[in-house]
Amino acid sequence: MCQMRRYLVFTLVPLIFVLDRWTKWLVIDQLSHMEGIHLTPFFSLVYWRNLGGAFGFLSQHPLGKYVFTIFPLLVAAALVYGLVAYRFPLLKLYSLVLILAGALGNLYDRISYGYVIDFLLFYYKGWQWPAFNVADISISTGIGLWLFAEFLILRKQKALTKSA
């Protein structure tokens with residue numbers, strides 16, 4: 001049963017990947033580059049091409065394109081290997097699967113277009129958070145779950161040390 005649960009979790013990868021691709025396709029189909037639709041006073045759908053990493057990091061550097069294609073490829077390969085070769089507690093397993101799904105979604109964009117399609121834009125007056133996408137949400141949630149799982153493990157270890 002444990003083995004089945006472990007591989008069942010992998011169904012999340014194609015589901016998140018398809019959701020990411022579908023939402024990006026809708027944006028490409030409905031908007032021109034840098035065009036946006038204001039939905040609320042603090043949220044817009046935009047079509048933004050991210051040439052760099054998170055928040056456009058290294059977008060102007062000539063090696064940025066290669067760094068952000070090769071690095072996610074290596075991360076995805078390491079995650080697949082780790083998820084197949086090792087047993088993780090359920091929370092960590094889900095966190096790694098979410099990171100993998102997001103990495104694959106953005107990697108697909110980099111290989112297909114040379115940039116990542118971002119479209120969710122939150123802002124307030126003159127301040128704005130950099131645009132992001134479903135793959136970014138998956139990666140961020142996965143990292144957050146991983147940190148939460150580590151916190152729970154540390155807390156449990158601390159409690160065990162105190163009781164010993």
Side-chain angles (χ1 to χ4, degrees), residues 5-84 90-149:
R5 180 184 76 181
R6 195 167 116 178
Y7 290 108
L8 237 157
V9 126
F10 275 110
T11 60
L12 277 177
V13 173
L15 288 174
I16 293 168
F17 182 82
V18 167
L19 178 63
D20 183 60
R21 293 296 331 127
W22 178 67
T23 55
K24 289 173 179 175
W25 174 80
L26 287 173
V27 167
I28 291 170
D29 189 56
Q30 298 298 315
L31 299 172
S32 300
H33 178 240
M34 297 183 76
E35 183 183 6
I37 302 170
H38 299 284
L39 299 175
T40 72
F42 59 87
F43 175 68
S44 294
L45 292 176
V46 297
Y47 177 4
W48 186 256
R49 296 175 181 168
N50 182 353
L51 301 171
F55 314 119
F57 181 66
L58 291 178
S59 61
Q60 302 303 314
H61 196 281
L63 294 178
K65 181 170 123 179
Y66 302 106
V67 168
F68 294 113
T69 301
I70 294 168
F71 182 68
L73 189 59
L74 294 172
V75 167
L79 285 170
V80 169
Y81 173 77
L83 287 165
V84 171
L90 192 59
L91 195 56
K92 282 189 179 184
L93 182 65
Y94 276 107
S95 69
L96 294 175
V97 166
L98 288 171
I99 294 167
L100 175 62
L104 292 175
N106 284 341
L107 184 60
Y108 179 90
D109 282 7
R110 290 235 183 259
I111 291 169
S112 299
Y113 309 114
Y115 52 84
V116 172
I117 299 162
D118 289 329
F119 58 90
L120 301 168
L121 181 66
F122 287 90
Y123 51 88
Y124 178 72
K125 295 185 180 179
W127 301 62
Q128 72 178 31
W129 188 259
F132 57 97
N133 58 47
V134 172
D136 296 335
I137 293 169
S138 183
I139 293 168
S140 298
T141 304
I143 292 170
L145 277 176
W146 179 271
L147 293 172
F148 182 66

Minimum-distance pair of heavy atoms, taken over all atoms of [X] and [Y]:
X: R110; Y: L51; value: NH1-O, 3.5 Å
X: E35; Y: Q30; value: OE1-O, 4.4 Å
X: V116; Y: K24; value: CG1-NZ, 4.3 Å
X: L107; Y: P72; value: CD1-CB, 4.2 Å
X: A131; Y: W48; value: CB-CB, 4.4 Å

Handout entry: Polar side-chain atom of T23 near backbone of D20 as donor-acceptor pair, under 3.5 Å
Key = yes

Handout entry: Main-chain N/O of V134 paired to S138 side chain as donor or acceptor, under 3.5 Å
Key = no

Exercise for the section: Quick one: pull up CG in D109 and CG in N50 and give me the separation to the nearest 0.5 Å. Expected result: 9.5 Å

Exercise for the section: Please list, chain by chain and in numerical order, all residues satisfying side-chain hydrogen bond (donor to acceptor under 3.5 Å, both in side chains) with Y113, sequence neighbours excluded. Expected result: R21

Handout entry: Residue pair Y47 / M34, side-chain heavy-atom distance below 4.5 Å
Key = no

Exercise for the section: Check whether any side-chain heavy atom of Y115 sits under 4.5 Å from a side-chain heavy atom of I117, and report yes or no. Expected result: yes

Practice task
Go through the steps to decide whether N133 and N106 satisfy the test side chain to side chain donor-acceptor pair (under 3.5 Å), and finish with yes or no.
Solution key: CA-CA 9 Å; N133 58 47; N106 284 341; 3.2 Å; yes

Exercise for the section: Evaluate whether atom OH of Y108 has more than 12 neighbouring non-hydrogen atoms of other residues, nucleotides or ligands under 6.0 angstrom away. Expected result: no

Practice task
Answer yes or no: does atom CZ of F71 have more than 12 heavy-atom neighbours from other residues, nucleotides or ligands under 6.0 Å?
Solution key: no

Got a list of side-chain donor-acceptor pairs under 3.5 Å for residues 37-44, not counting sequence neighbours?
{"from": "H38", "atom 1": "ND1", "to": "S44", "atom 2": "OG", "distance (Å)": "2.7"}
{"from": "H38", "atom 1": "ND1", "to": "Y123", "atom 2": "OH", "distance (Å)": "3.1"}
{"from": "T40", "atom 1": "OG1", "to": "F42", "atom 2": "N", "distance (Å)": "3.1"}
{"from": "T40", "atom 1": "OG1", "to": "F43", "atom 2": "N", "distance (Å)": "2.9"}
{"from": "S44", "atom 1": "OG", "to": "Y123", "atom 2": "OH", "distance (Å)": "2.9"}

Exercise for the section: Start with the C-alpha gap between V80 and L100, add the side-chain angles, then the distance that decides, and say whether side chain to side chain contact (heavy atoms under 4.5 Å, CB included) holds. Expected result: CA-CA 8 Å; V80 169; L100 175 62; 3.8 Å; yes

Show me the donor-acceptor pairs, under 3.5 Å and distance only, between side chains in residues 139-148 and residues at least two apart or in other chains.
{"from": "S140", "atom 1": "OG", "to": "D136", "atom 2": "O", "distance (Å)": "3.0"}
{"from": "T141", "atom 1": "OG1", "to": "I137", "atom 2": "O", "distance (Å)": "2.7"}

Practice task
Verify side chain to side chain contact (heavy atoms under 4.5 Å, CB included) between V27 and L45, making sure each step is shown before the conclusion.
Solution key: CA-CA 8 Å; V27 167; L45 292 176; 5.7 Å; no

